[in-house]
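Just the heavy atoms: all of them, side chains too, but no hydrogens, waters or symmetry mates, feed the values below. In what follows, every chain begins at residue 1, and chains take the letters A, B, ... in the order their sequences are listed.
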Amino acid sequence: MLLRGSHLQKLKFWTLGLVACAWLFGLVTFVAADGYFEATLPRRRASPAEIHNLSLWDLGPTVRASSYHGDWAANHHPLFLVDGRERPELVEKWASAERDHHPWVEITWRESHDLERVVLRHAGSLESAAYTARRYTLRCLTEAGAGPSLVVNSNEAAVASHDLACRRARGIRIEFDRDGADIIRLFEVETWGR
Amino acid sequence: MTRRRLTLALAATFLLGLVLRLLALQFEPPHHPDEFFQYLEPAWRHLTGAGVQTWEWRAGVRSWVLPGYHGAWMALLMRLGVHDGVKLATILRAHWALLSLTLVWAGWRGGALLTRRLSAGGAGPASAPDAPPAGWQGGLVAALLCAAFPLLVRFSIHTLSELPSILCLVWAVVLAGEIVEARGREERGKAAWMGVLLGLGICLRIQHAPVALVAVLWLLVARRFRPFAIVSAAALLPVALFGAVDWVTWGSPFSSFIAYVKFNLLEGGATSFGAFPWSWYWQQFIHRSPVGLFVLLGLGVLGLRASWPFLGAALGLAAILSTQAHKEERFAMLFWPLVLIAAAGYAGVWVAAHTSACVAKKPAPVRLRAWLARAVLTGTVALVLGDGALHCRGNDFADLTPLRYEAQAWAGRQPDVTGLLYDEPIFVGGGMWFGRPFPQLWFKPALLGNPLFSHVLVPRDSDLMRAAVQAGFTPVYPPTGRFVVLSRKAREPASELPVR
């Protein structure tokens, strides 16, 4: 009311315009964000020469996941997939978010390895067998792109061991088929190779 | 008072408001876990994939509009290289502190409006070119109260939905009053703005609806039907925006609104978070301002002829909120600016009646009366602000101490951190405050064996601390204080820092 003046009005107009444009740019970036999870653990030891679990936490793997169930009390974080815990608490598992209809996880390593088999410790290994994932696809990730894959249609094993030979592999990707069923719960992913 | 001196006084008031808000930014503790988990964390989680997702966000009882607004700023700042969650949160808090200064301007216009309306004919357009606008006395008092009232200053930095709703609705009530006075094109423009602000205020905080109803009622009582139609139409714009955002994010229009009303109002779900007697808000108001409240209400009642929409909206809000079993102080924060403006309107007309521009040329008793009136007004404002300052400490959550937040942020900045166990999962700042994509979990002794948990945050000298020490953790930060961060002892050094 008091501070009206043509210069002030112009300044106000341009300032507001610039702020609005910057915010709109941010909004587009925000909306376009894919929102998947990714974390790389620090490497604490070198890979041994013999056959070993390539994904273990202290080898510094990178874990990606489509989502996770991140409640205050029940934070089922994707990094629990590689913590190597033999007798975990029920909370120490990865669980996908309820609204994630196509859950996946990806574990990549620091270097290429020859992968031999993949062991999945499903929820049924510690919880109800009904929580064990039945249908999923294991894909080997190589430097050249997607490597061999394995489609599992009717898994019943609480600890499922899948042979998946893959040379010069950089990691694996597991795509789950919820098929309208419950969220995915998985305690551990072990990738054995050298 | 000349126009120039008034401009300087207003500028000083804004400056005071700004300084006080900067101080609040520095010293104000967190007010409510929701300011992190409901309005910042969802945006952070959407951008980084990591963070806490509360039940409200799984059940879809929250709109994405406010987190989306914050998320847009976060995304922009991340593009500019700011990735630290604490810095992002601080910038967003500072942004709300700045925006809350618009309340000072709303106070100025609202106070001046009420003083004009109460002075009944003596407040026509100023004749002299350098004369201040009519009603300036009430405007200045209201601006000062809105700038410096301690509870409003404290609340101005919190990233809760109440603050933007308060700003929208106070402005909407002020604009309603100006529309009652205005005519023609000015009236239409103000009505459109009022409608948008009204719709936005309600959509952001449905509990504030009584204030919006009183604002609309003001137009109807004044028989301003055309502006009323414009207001109603314009209010649909934000409503449509919220509906569309829900459709895109939750799958159906107004989905979060329906779920929210169903949970809180129909199913009484909010009572699971605590129930209080109907008089709780009044006890709270009196606790916050045991003397000032009665002064404010007294002044508001004396000017009721003009201030009824402000006072009615404030009392109506308190009355409606009192019917809900679950009560929190923030729900009723809108009460304060409305009461402050209502009181300032009468204070303005009272001081105007006892002073005049040419008082220097008048006889000594008249001058004395003018000075006394100014002294009484200054004393009243000082009393209200001082009383508010003396009683503004504390909030609904006694355990919400900034020390735990500081310790959590410190742990998040450590290069060797790969996970954090804490004693309290609600009174911390979530994944954004931690700033790292590593797991954070509620402390359980069995989890100390998980190698990912490199740090533990617990009360000093507690059983939890002793359990952590026994498991091979050692205190690292801070040397003294209520909380302590412990780190896993003598681990092999990391070959490189974790990324992202």
Side-chain angles (χ1 to χ4, degrees), chain A residues 1-3 19 21-46 56-60 62-80 82-92 94 97-99 110, chain B residues 3 6-7 10-11 37 43 45-55 58 60 68-79 108-109 112 132-133 139 415-416 418-419 425-426 430-431 436-442 444 446-447 449-452 491-500:
Chain A
M1 201 182 284
L2 285 173
L3 301 173
V19 170
C21 286
W23 182 81
L24 280 173
F25 174 75
L27 183 65
V28 171
T29 313
F30 176 76
V31 171
D34 47 34
Y36 73 80
F37 169 86
E38 178 179 330
T40 301
L41 285 163
R43 186 178 201 162
R44 298 189 183 276
R45 65 181 172 105
L56 206 56
W57 70 277
D58 53 358
L59 296 174
T62 295
V63 177
R64 296 184 188 87
S66 53
S67 69
Y68 71 96
H69 184 95
D71 188 48
W72 280 323
N75 203 311
H76 299 299
H77 200 275
L79 286 177
F80 290 138
V82 298
D83 61 6
R85 290 266 276 174
E86 287 180 7
R87 281 185 293 279
E89 293 284 299
L90 292 184
V91 73
E92 294 170 280
W94 170 66
E98 280 169 52
R99 292 173 191 269
R110 300 276 174 152
Chain B
R3 185 171 277 259
L6 179 61
T7 305
L10 272 177
F37 291 110
R45 187 175 153 102
H46 179 73
L47 285 167
T48 66
V52 173
Q53 189 182 39
T54 61
W55 72 267
R58 288 198 303 280
Y69 173 77
H70 288 148
W73 287 122
M74 280 186 207
L76 179 71
L77 290 163
M78 283 174 162
R79 283 287 180 116
W108 153 250
R109 282 173 54 168
D416 61 338
T418 52
I426 299 172
R436 304 294 280 275
F438 302 125
Q440 298 182 95
L441 266 182
W442 208 340
K444 270 174 80 177
L447 294 172
N450 189 318
L452 290 177
R491 200 147 81 167
E492 289 295 309
S495 63
E496 60 197 83
L497 300 186
V499 292
R500 178 156 171 178

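Under the 30°/60° scheme for interplanar angles, the aromatic rings of Trp23(A) and Tyr69(B) are found to be tilted.
Rounding to the nearest 0.5 Å places CG of Leu441(B) at 4.5 Å from CZ of Phe80(A). Between the CG atom in Asn450(B) and the CG atom in Asp83(A) there is a gap of 4.5 Å [rounded to 0.5 Å].
For the pair Arg45(B) and Tyr68(A), the cation sits on the ring face: its NZ or CZ lies under 6.0 Å from the ring centre, inside 45° of the axis.
Using a 4.5 Å heavy-atom threshold, the side chains of Leu27(A) and Trp73(B) count as separate. The shortest distance between side-chain heavy atoms of Arg85(A) and Pro451(B) falls below 4.5 Å. For the pair Glu89(A)/Lys444(B), a side-chain contact is recorded, criterion being any heavy-atom separation below 4.5 Å from C-beta on. Between Thr418(B) and Leu79(A), every side-chain heavy-atom pair lies at or beyond the 4.5 Å cut-off.
Between Ala75(B) and Gly26(A), the closest heavy-atom pair is CB-O, 3.4 Å. In this structure, Trp72(A) and Pro425(B) approach most closely via the heavy-atom pair CD1-O, 3.5 Å. Of all heavy-atom pairs spanning Arg58(B) and Arg99(A), the tightest one is O-NH2, 3.1 Å.
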Would you check, one step at a time, whether the test side chain to side chain contact (heavy atoms under 4.5 Å, CB included) holds for Thr29(A) with Leu47(B)?
-> CA-CA 9 Å; Thr29(A) 313; Leu47(B) 285 167; 5.7 Å; no

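Chain A forms more heavy-atom pairs under 4.5 Å with one residue of Gly431(B), Ala72(B), Gly419(B), Gly449(B) than with any other, namely Ala72(B). Among the candidates Gly430(B), Gly71(B), Pro439(B), the residue making the largest number of heavy-atom pairs closer than 4.5 Å to chain A is Pro439(B). Interface check for chain A: of the options Phe37(B), Trp55(B), Trp442(B), the most heavy-atom pairs under 4.5 Å are formed by Phe37(B).
Contacts of Arg45(A) classified as salt bridge (Lys or Arg N to Asp or Glu O under 4.0 Å), with partners at least two apart in sequence or in another chain: Asp58(A). Contacts of Ala22(A) classified as side-chain contact (heavy atoms from CB on, under 4.5 Å), with partners at least two apart in sequence or in another chain: Leu76(B).
Heavy atoms closer than 4.5 Å to chain A are found in both the backbone and the side chain of Leu447(B). For Arg79(B), the part lying near chain A is the side chain, with the backbone staying farther off; criterion is any non-hydrogen pair under 4.5 Å. Contacts between Val91(A) and chain B at a heavy-atom distance below 4.5 Å involve the side chain alone, from C-beta outward. For Ala112(B), no part lies under 4.5 angstrom from a heavy atom of chain A.
For the residue pair Gln440(B) / Asn75(A), no side-chain donor-acceptor distance below 3.5 Å is found, with atom types taken as modelled.
Each of Met74(B), Met78(B), His46(B), His70(B) was checked for a side chain to side chain contact (heavy atoms under 4.5 Å, CB included) with Phe30(A), and the lone residue meeting it is His46(B).
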